[in-house]
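Written out below as structure tokens is the structure these notes cover.
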Amino acid sequence: MILQEEIKGLTTKVFGKNNQLIYDEESFIFKNAELKITGSNNKIHIGKGTKLSNILIHIRGSNNEIMIGENTDLIGHILLKGKKQSIKVGDRTTFKNVYLLSQEGKNITIGADCMFSYDIAVRTTDAHSVLDLETNERLNGAKDVVIGNHVWVAASCLISKGAVIPDDTIIGARSVVTKPFSEAHTTIAGSPAKIIKTGTTWSRERL
């Protein structure tokens with residue numbers, strides 16, 4: 001649907017043309033959700049059975065796409081600034097209070113069956129520049145962030161530009177992830193994060 005009509009549980013502020021919200025009206029729940037768009041030709045896809053509550057989705061730019069999978073449950077703030085960028089969240093992934101920032105032409109991809117706790121930030125950019133004093137070259141360029149399937153992110157973590165998290169990873173509380181990892185079934189923790197245990201997995205249930 002073109003964003004122009006009232007949707008229960010969702011407040012919209014849209015400035016631009018041809019912005020679309022695509023979702024299943026019969027199996028979707030908005031609760032205290034807000035959508036702000038300044039730009040045109042943006043698309044937001046939301047899968048069946050998804051719940052968005054106490055969340056702000058904010059797009060500043062044009063020709064961007066946000067894709068949220070089926071049966072997700074998300075709380076937090078999703079901010080996309082720029083053009084031709086994407087944020088993807090896989091099926092059955094949950095956020096308790098998460099901030100996603102996609103900027104400078106870079107994308108965020110989060111897989112299926114992930115569990116994010118509270119006070120977590122995932123960012124493609126530092127937002128400001130760090131420069132080499134002699135050459136004036138920027139040292140902290142933006143990069144994509146890729147998080148695999150079945151990843152548990154504990155409270156108060158920062159997942160920064162260039163991070164790659166393999167499938168079935170546990171990230172310990174207050175960790176700062178600044179680089180790509182390649183080995184699945186591991187636990188990483190620390191600032192900066194490093195592998196502290198291999199051969200691990202996790203479950204939402206207390207077994």
- [ ] Name all pairs fulfilling the salt bridge (charged side-chain N to carboxylate O under 4.0 Å, His left out) condition that reach into residues 35-54, sequence neighbours left out, sorted by first residue then second.
- [x] Glu34-Lys36

Open item on the list: With salt bridge (charged side-chain N to carboxylate O under 4.0 Å, His left out) as the rule and sequence neighbours excluded, what pairs involving residues 99-120 come up?
Closed with: Arg92-Asp113, Glu104-Arg138

Open item on the list: According to side chain to side chain contact (heavy atoms under 4.5 Å, CB included), who are the partners of Thr198, at least two apart in sequence or on a separate chain?
Closed with: Glu183, Thr186, Ile195

Task: For Tyr99, all residues meeting ring-ring contact (aromatic ring centres under 6.0 Å, His included), sequence neighbours excluded - done: His77

TODO: With sequence neighbours excluded, give me every salt bridge (charged side-chain N to carboxylate O under 4.0 Å, His left out) pair touching residues 171-180.
DONE: none

Task: side chain to side chain contact (heavy atoms under 4.5 Å, CB included) involving Thr38 - partner list, sequence neighbours excluded - done: Phe15

Task: Linked hydrophobic residues, Ile75 as query - side chain contacts closer than 4.5 Å - done: none

TODO: Please list, chain by chain and in numerical order, all residues satisfying side chain to side chain contact (heavy atoms under 4.5 Å, CB included) with Glu134, sequence neighbours excluded.
DONE: Asp132

TODO: Apply ring-ring contact (aromatic ring centres under 6.0 Å, His included) to Phe181 and list each qualifying residue two or more places apart in sequence or on a separate chain.
DONE: none

Task: salt bridge (charged side-chain N to carboxylate O under 4.0 Å, His left out) contacts touching residues 150-162 (sequence neighbours left out) - done: Asp126-Lys161

Open item on the list: Taking transitive links into account, so neighbours of neighbours count too, which hydrophobic residues share a cluster with Leu56 at under 4.5 Å side-chain distance?
Closed with: none

Open item on the list: Going by the rule side chain to side chain contact (heavy atoms under 4.5 Å, CB included), which residues pair with Lys83 if we only count those two or more places apart in sequence or in a different chain?
Closed with: none

TODO: For the residue pair Trp152 and Trp202, categorise the inter-ring angle as parallel (less than 30°), tilted (30 to 60°) or perpendicular (more than 60°).
DONE: tilted

